[in-house]
Asks: 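Structure below; questions to follow.
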Amino acid sequence: MATQDNNRFQAIIAHAKEYGFVFPSSEIYDGLSAVYDYGPWGSELKKNIRDYWWKSMTQLHENIVGVDAAIFMHPTTWKASGHVDNFSDPMIDNKDSKKRYRVDHLIEAHVETLSKEEGNVLIAAMDKLLAAEDFAGLKKLIEDNKIKCSISGTANWTDVRQFNLMFKTEFGAVAAEVNEDENIVYLRPETAQGIFVNFLNVQKTARMKVPFGIAQTGKAFRNEIVARQFIFRMREFEQMEMQFFIRPGTEGDWYKYWKEARLQWHLSLGIPAEKYRYHDHVKLAHYAKEACDIEFEFPIGFKEVEGIHSRSDYDLSQHQVYSKKKLQYFDNDIDETTGKPYGNYVPYVIETSIGLDRMFLLILSQAYDEEVIPREDGAAETRTVLRIPAKLAPIKLAILPLTKKDGLPEIARAIMNDCREDFYCFYEEKDAIGKRYRRMDAIGTPFCITVDHQTKEDQTVTIRYRDTMQQERIAISDLRALVKEKIR
RNA sequence: GCGGAAGUAGCUCAGUUGGCAGAGCAUCAGUUUCCCAAACUGAAGGCCGCGGGUUCGAGCCCCGUUUUCCGCUCCA
């Protein structure tokens with residue numbers, strides 16, 4: 001990471017805190033690692049991004065509807081999805097090389113060096129201990145077999161520790177009497193499963209026909225091993241996901257469609273295309289047919305903002321097995337090759353999944369600018385401005401009386417009352433006008449109007465544009481329509 | 001998780017061999033001001049990250065701890 005870019009990233013983080021966008025969580029108690037809170041302008045910006053996504057998915061697609069599923073889900077959900085088994089692997093660290101291994105991988109690698117009989121004995125012993133979650137036994141097994149770290153060559157191991165992706169919590173106000181595991185529920189590590197388990201409810205009640213999509217935004221929770229990089233990687237974060245259900249055999253076309261459509265959504269915000277790239281996955285999960293990330297060039301380099309995955313019928317099929325309920329769709333459309341309806345099938349799924357917090361960071365990173373303005377006396381000053389797309393800006397219009405006398409505040413207040421119902425307005429009469437403009441620049445307000453003495457004569461105000469600092473005179477009567485048009 | 005650096009006002013930082021806690025900006029109350037952060041007056045703002053120790057006396061020295069940053073490690 002270039003120092004300059006890193007400085008820029010630090011400046012963005014400092015700016016986000018200083019101007020009420022993002023605060024470290026529980027800061028008065030020294031913070032909580034990898035958890036952040038959104039402040040007054042941050043929560044507005046985040047909401048605006050969420051709304052923009054939501055509208056583009058639901059309101060603008062007749063075949064996509066939304067759900068708002070609970071964060072708590074039946075624990076079997078996560079067995080079906082694979083999260084319980086795949087993401088709770090015991091780990092062990094070599095104290096000399098600092099290398100961390102999954103215990104099963106470490107032992108399996110050692111088995112390769114043994115004879116078949118010895119290997120099978122060891123694997124059997126390992127499986128037994130893994131099933132019993134006997135971590136002390138696993139460590140002893142590693143030590144007894146003199147398994148060494150391939151880097152340091154030593155057998156100086158830490159204790160075996162559990163790596164848990166999912167947060168657990170206790171469900172029900174009364175403690176379990178016998179087995180405390182009975183009351184365990186997880187905080188969802190992804191919102192997608194809330195869509196899959198509601199597949200039939202939504203399809204039937206909203207009378208959806210394949211192909212159709214279900215969209216959802218909401219919080220998800222993951223225990224990351226290390227958590228850093230500001231809001232890029234958080235333990236509590238918000239996803240915006242859409243699962244698109246399709247007829248098997250059409251997944252290639254739909255994958256291509258959504259891959260392109262999602263990039264176009266990003267570009268619709270006016271962000272330059274060269275800041276984006278696709279990253280096609282080479283190593284695919286066993287159920288995936290195709291997968292790619294949309295990456296954005298953050299100050300910390302190209303990083304994933306959004307994923308598009310062709311998930312086959314894996315999730316719905318898994319839920320069929322675990323729930324013993326049919327999750328199928330009867331397709332009345334005629335298959336031209338047979339002349340008969342396509343009939344019953346488990347739909348395939350194309351998933352688009354974008355991190356709302358990452359999108360927020362993307363907008364902030366793209367918007368943040370320290371503009372150098374040459375002054376008349378030859379010196380230069382710096383203007384810190386957030387060039388947030390107008391439709392996403394927390395405050396759309398600042399209404400500023402040039403002075404706080406001569407009836408100007410009264411006129412400004414009247415304009416405020418006229419506009420605030422339609423978009424977020426901000427009134428301020430303190431300090432010199434230039435200072436107020438710059439404060440608005442710092443939080444990304446795209447438009448400021450100033451009420452001056454001429455306003456009293458001809459009912460016009462100056463509108464000042466954030467990005468260019470240009471001003472023009474417009475009639476008060478045209479103001480509301482002008483701003484509404486610019487924030488569409 | 002390991003190693004390094006840092007933590008003083010809201011922000012950026014100064015603080016002398018260990019001797020009264022400081023500046024600029026920001027904030028607040030006024031005055032001034034007809035368009036881009038820089039006018040004037042005043043006020044408020046601090047467990048010097050936290051806990052021990054040394055000392056007559058610690059922001060400063062020692063130990064521990066915590067948070068952040070940087071590098072490594074891990075990451076479906």
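Small disclaimer: the values here were computed from a predicted structure and weren't measured. By convention in this document, chain letters (A, B, ...) are assigned in the order of the sequence lines, proteins followed by strands, and residues within each chain are numbered from 1.
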Asks: Closest approach of A:Val461 and A:Thr450, non-hydrogen atoms and distance?
Replies: CB-O, 3.5 Å
Asks: Which of the following nucleotides, B:C28, B:U33, B:A37, is nearest to the side chain of A:Lys430?
Replies: B:C28
Asks: Expressed as a whole number of Å, how far does the C1' atom of B:C74 sit from that of B:G18?
Replies: 45 Å
Asks: So, is the end of the A:Arg50 side chain (NZ or CZ) under 6.0 Å from the ring centre of A:Trp53 and within 45° of the ring's axis?
Replies: no
Asks: Starting at CG of A:Asp431 and ending at P of B:U31, how long is that distance when rounded to a whole Å?
Replies: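 My rounded result for the distance is 14 Å.
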Asks: If the C1' atom of B:U8 is compared with that of B:G4, how far apart are they to the nearest Å?
Replies: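 Their C1' atoms lie roughly 22 Å apart.
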Asks: Taking atom P in both B:A58 and B:G1, compute the distance separating them and give it to the nearest angstrom.
Replies: 34 Å
Asks: Pick the closest RNA chain B nucleotide for A:Tyr465 and for A:Pro189 by heavy atoms, then say which residue is nearer the 5' end.
Replies: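 The residue closer to the strand's 5' end, by nearest nucleotide, is A:Tyr465.
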Asks: Round to the nearest Å and state the distance from A:Glu429 atom CD to B:U31 atom P.
Replies: 12 Å
Asks: If the C1' atom of B:A43 is compared with that of B:G57, how far apart are they to the nearest Å?
Replies: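 Approximately 33 Å lies between the C1' atom of B:A43 and that of B:G57.
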Asks: Got a list of side-chain donor-acceptor pairs under 3.5 Å for residues 68-78 of chain A, not counting sequence neighbours?
Replies:
{"residue": "A:His74", "atom": "ND1", "partner": "A:Thr76", "partner atom": "N", "Å": "3.0"}
{"residue": "A:His74", "atom": "ND1", "partner": "A:Thr76", "partner atom": "OG1", "Å": "3.0"}
{"residue": "A:Thr77", "atom": "OG1", "partner": "A:His74", "partner atom": "O", "Å": "2.7"}

Asks: Filter on salt bridge (charged side-chain N to carboxylate O under 4.0 Å, His left out), then keep only pairs touching residues 355-366 of chain A, sequence neighbours left out; what's left?
Replies: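 Passing the test, one end in residues 355-366 of chain A: A:Lys46-A:Asp357.
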Asks: Taking atom C1' of B:C75 as reference, at what distance in whole Å does atom CZ of A:Arg358 sit?
Replies: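 Going from CZ in A:Arg358 over to C1' in B:C75 covers 11 Å.
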Asks: Measure the distance from CD on A:Gln10 to P on B:U12 and round it to the nearest whole Å.
Replies: 11 Å
Asks: Could one point to a donor on the side chain of A:Asp441 or the base of B:C36 with an acceptor on the other under 3.5 Å away?
Replies: no
Asks: I'd like to check the side chain to side chain contact (heavy atoms under 4.5 Å, CB included) partners of A:Glu297; sequence neighbours left out, ordered by chain and number.
Replies: A:Lys275, A:Phe302
Asks: OP1, OP2 of B:C74 versus side-chain N and O of A:Arg233: anything below 4.0 Å?
Replies: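 The answer is no; no side-chain N or O of A:Arg233 sits under 4.0 Å from OP1 or OP2.
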Asks: Given the C1' atoms of B:U55 and B:U17, what is the spacing between them in whole Å?
Replies: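 Per the computed distance, 14 Å lies between those C1' atoms.
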Asks: Does the side chain of A:Tyr276 pick up a donor-acceptor pair with the side chain of A:His266 at under 3.5 Å?
Replies: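 There is such a pair between these side chains.
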Asks: Rounded to the nearest Å, what distance is computed from the CZ atom of residue A:Phe21 to the P atom of nucleotide B:C11?
Replies: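 Between P of B:C11 and CZ of A:Phe21: 17 Å.
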Asks: Over how many whole Å does the gap from A:Ile300 atom CD1 to B:C75 atom C1' extend?
Replies: 14 Å
Asks: So is A:Arg413 actually on top of A:Tyr427's ring, under 6.0 Å and inside 45° of the axis?
Replies: yes
Asks: Under a 3.5 Å threshold, yes or no: a donor from one side chain and an acceptor from the other, between A:Gln193 and A:His83?
Replies: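 Checked: A:Gln193/A:His83 side chains show no N/O donor-acceptor pair below 3.5 Å.
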Asks: Ring-plane angle category for A:Phe199 and A:Phe245, please: parallel below 30°, perpendicular beyond 60°, tilted otherwise.
Replies: tilted
Asks: Distance check: side-chain N/O of A:Gln229 vs OP1/OP2 of B:C69, anything under 4.0 Å?
Replies: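 No, no such contact exists.
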Asks: Sorted by first residue and then second, give each salt bridge (charged side-chain N to carboxylate O under 4.0 Å, His left out) pair with at least one member in residues 384-408 of chain A; sequence neighbours left out.
Replies: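 Every pair satisfying salt bridge (charged side-chain N to carboxylate O under 4.0 Å, His left out) with a residue in residues 384-408 of chain A: A:Asp369-A:Arg387, A:Glu371-A:Arg387, A:Arg387-A:Asp467.
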Asks: Among B:C35, B:C36, B:U33, which nucleotide has an atom closest to any side-chain atom of A:Met469?
Replies: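 Taking heavy atoms from C-beta onward, the closest nucleotide is B:C36.
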Asks: With a cut-off of less than 4.0 Å, is there a side-chain N or O of A:Lys435 near OP1 or OP2 of B:C35?
Replies: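 So the side-chain polar atoms of A:Lys435 never come under 4.0 Å of the phosphate oxygens OP1 or OP2 of B:C35.
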Asks: Give me the distance, rounded to whole Å, that separates B:G22 from B:C60 when you measure between the C1' atoms they each carry.
Replies: 15 Å
Asks: If we take the P atom in both B:C40 and B:A26, what is their distance in whole Å?
Replies: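 That atom pair is separated by 12 Å.
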Asks: Please determine, for the side chain of A:Lys404, which listed nucleotide (B:C35, B:U33, B:U27) has the closest atom?
Replies: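 Of the candidates, B:U33 comes closest.
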Asks: Could you list by number each residue of residues 11-19 of chain A showing a heavy-atom separation from RNA chain B of less than 4.0 Å, or answer none if no residue does?
Replies: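 Result for residues 11-19 of chain A: A:Lys17, A:Glu18, sorted by number.
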Asks: To the side chain of A:Thr462, which of B:U27, B:U33, B:C35 is closest?
Replies: B:C35
Asks: Report the distance from atom OH of A:Tyr437 to atom P of B:A38, rounded to the nearest whole Å.
Replies: 14 Å
Asks: Please work out if A:Arg464 contacts a base, only the sugar-phosphate, or nothing of the nucleic acid, heavy-atom cut-off 4.0 Å.
Replies: base
Asks: Determine the stems involving RNA chain B; a stem requires 3 or more consecutive pairs of the Watson-Crick or G-U wobble kind, each with both distances below 3.5 Å, and the answer is none if no such run exists.
Replies: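 Stem list for RNA chain B: B:1-7 with B:66-72, B:10-13 with B:22-25, B:27-31 with B:39-43, B:49-53 with B:61-65.
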Asks: In terms of ring plane angle, is the pair A:His309 and A:His281 parallel, tilted or perpendicular, where the classes change at 30° and 60°?
Replies: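 A:His309 vs A:His281 ring planes: perpendicular.
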Asks: Rounding to an integer number of angstrom, what distance separates B:A37 and B:C75 when you compare their C1' atoms?
Replies: 44 Å
Asks: Round to a whole Å and report the spacing from CD1 of A:Ile443 to P of B:A26.
Replies: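 The distance from CD1 of A:Ile443 to P of B:A26 comes to 17 Å, rounded to the nearest Å.
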Asks: Contact class for A:Gln471 vs. all strands (heavy atom < 4.0 Å): base, sugar-phosphate, or nothing?
Replies: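 Since a base atom lies under 4.0 Å of A:Gln471, the category is base.
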